Protein chains: 2
Amino acid sequence: MQLHKCDVVEAAANLLDEYGIADLTMRRLARELNVSPGALYWHFANKQELLGAISDRILDGVPSARGVADVCHRLRDALLSHTDGAELVSASFAAGQSSAMKQILAVLTEAVSEVGVDSAHAELAARTVVYYVLGFTVDEQSRLQWDAAGAELPEWQSVLTDDANARFGFGLRLFVDGINVSQAIFE
Amino acid sequence: MQLHKCDVVEAAANLLDEYGIADLTMRRLARELNVSPGALYWHFANKQELLGAISDRILDGVPSARGVADVCHRLRDALLSHTDGAELVSASFAAGQSSAMKQILAVLTEAVSEVGVDSAHAELAARTVVYYVLGFTVDEQSRLQWDAAGAELPEWQSVLTDDANARFGFGLRLFVDGINVSQAIFE
DNA sequence: ACCTGAACACCGTTCAAGT
DNA sequence: ACCTGAACACCGTTCAAGT
């Protein structure tokens, strides 16, 4: 039967989860779908566009969150729930290929505006927060996956995960505090 | 004559500046040096290690800066002074291959400590700042290089560059303010 | 010790030709 | 409209063999 865009994205997402971003190639994806490599280029202009579509799938639902902290936590959760999710979305965002990340940026900008910051500075503050969340989570995920390959998690959840949550929250608060200070100055 | 590590890194840096990170391949570098591709693997274990060495070359001098703002500005300047510098260093840092970035992290941690933050939180704050500088500069550089390829800079320096400086400084202040707030709480 | 040559196992992308 | 087959122009890495 016919190949649909969403089938391709789903197969790609499965490949990502099972084998990681390094093994997510156009040729391998085509093999998985039992089509020739060229077939993918009827549905997607290039690999970057496909990666953007996977990013949007990973981020499904995140743009509907409200408030800086809420958006950031849900963004991080979404990234961590797929192998190499942070790296993939980070790359797609940098390449301007993830419309979900653009929405998230808009939602964050609005959230910052509501604290009383003018819209030009609000967008800057929102970008700043996004850089942090992506950078932190790429880092966190690479460590997580690295020692998940080694010794299999001794006493999980509490020791490693909660610590990362606390670390993430600390950095996030640094911004929120910074934003509140800048708002206090400008008014 | 013999091939030395530093010659390889220099040739690689030149290749980067002239053609960008996408064309910085082991094979192309070997061609430029008039050696076989395999020769490079006598001096470097793999491509990542070589990229790390280029990163360290790009960041030469930055770790000797002092103070959060000073380090961050010099880091950004170093990244912007080479084609795709931000992307390269960002990738090397994520892969744990840049010792210069580790030094920079240490310097930033010390600078934050001196404001009165305990060392555990100081390291977190330092990482947070690094994520911001790298994220911001990768973004800035990709835009810069994108419209440098298009219309050739209308009335430079003032309109584009100064604005980016101001934007960079704004995000940076968000942290420094946030750090000061957290220090005020903890003491 | 340092390097060559040649191979291995792949890539992304294009495009005439088929259905 | 949608896909195949085959090609184009590459990759990173390894390793026996040479000097």
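Chain letters run A, B, ... following the sequence lines, proteins first, then strands; residues in each count from 1. These numbers come from the heavy atoms of this one structure, side chains and all, not from hydrogens, waters or symmetry mates. Keep in mind that this is a model prediction, so the values were computed, not measured.
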Show me the side-chain donor-acceptor pairs of residues 96-112 of chain A shorter than 3.5 Å, one per line, residues at least two apart or across chains.
residue	atom	partner	partner atom	Å
A:S98	OG	A:D56	OD1	2.9
A:S98	OG	A:M101	N	3.1
A:S99	OG	A:D56	OD2	2.9
A:K102	NZ	A:G96	O	3.2
A:T109	OG1	A:L105	O	2.7

Cut-off 3.5 Å, no hydrogens considered: what does the side-chain donor-acceptor table look like for residues 18-33 of chain A, sequence neighbours left out?
residue	atom	partner	partner atom	Å
A:T25	OG1	A:R28	N	3.0

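For DNA chain D, the contact window with chain A, defined by any atom under 4.0 Å from a protein heavy atom, covers D:dA1 to D:dA7 in 5' to 3' order.
For the C1' atoms, the distance from C:dC3 to D:dA16 is 12 Å, rounded to whole Å. As rounded to the nearest Å, C:dA9 and D:dC10 have P atoms that lie 22 Å from one another.
Mapped onto DNA chain C by nearest heavy atom, A:K47 and B:S36 fall at different nucleotides, with B:S36 at the one closer to the 5' end.
Looking only at atom types and distance, the side chain of A:D139 has a donor-acceptor partner in the side chain of B:Y131 under 3.5 Å away.
Salt-bridge annotation for B:R143 and B:D147: absent, with no side-chain N of the basic residue lying under 4.0 Å from a carboxylate O of the acidic one.
In this structure, B:E87 has no side-chain hydrogen bond (donor to acceptor under 3.5 Å, both in side chains) partners at least two apart in sequence or on a different chain.
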What does the 5'-to-3' dot-bracket notation of DNA chain C look like when only Watson-Crick and G-U wobble pairs under 3.5 Å count, and pairs to other strands show as |?
||.|||||...|||||.||

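Between B:F168 and B:Y132, the ring planes are parallel. Angles under 30° get that label, and only those over 60° would be called perpendicular.
Looking at residues 19-29 of chain B, you'll see B:T25, B:M26, B:R27 sit with a heavy atom under 4.0 Å from some atom of DNA chain D.
The shortest distance between side-chain heavy atoms of A:N180 and B:V181 does not fall below 4.5 Å. Taking 4.5 Å as the limit, some side-chain heavy atom of A:S64 sits within range of a side-chain heavy atom of A:R74.
Geometrically, B:R76 does not engage B:F136 in a cation-pi contact defined by less than 6.0 Å to the ring centre and at most 45° from the axis.
Closest non-hydrogen pair, A:V133 versus A:C72, comes out as CG2-SG, 3.7 Å.
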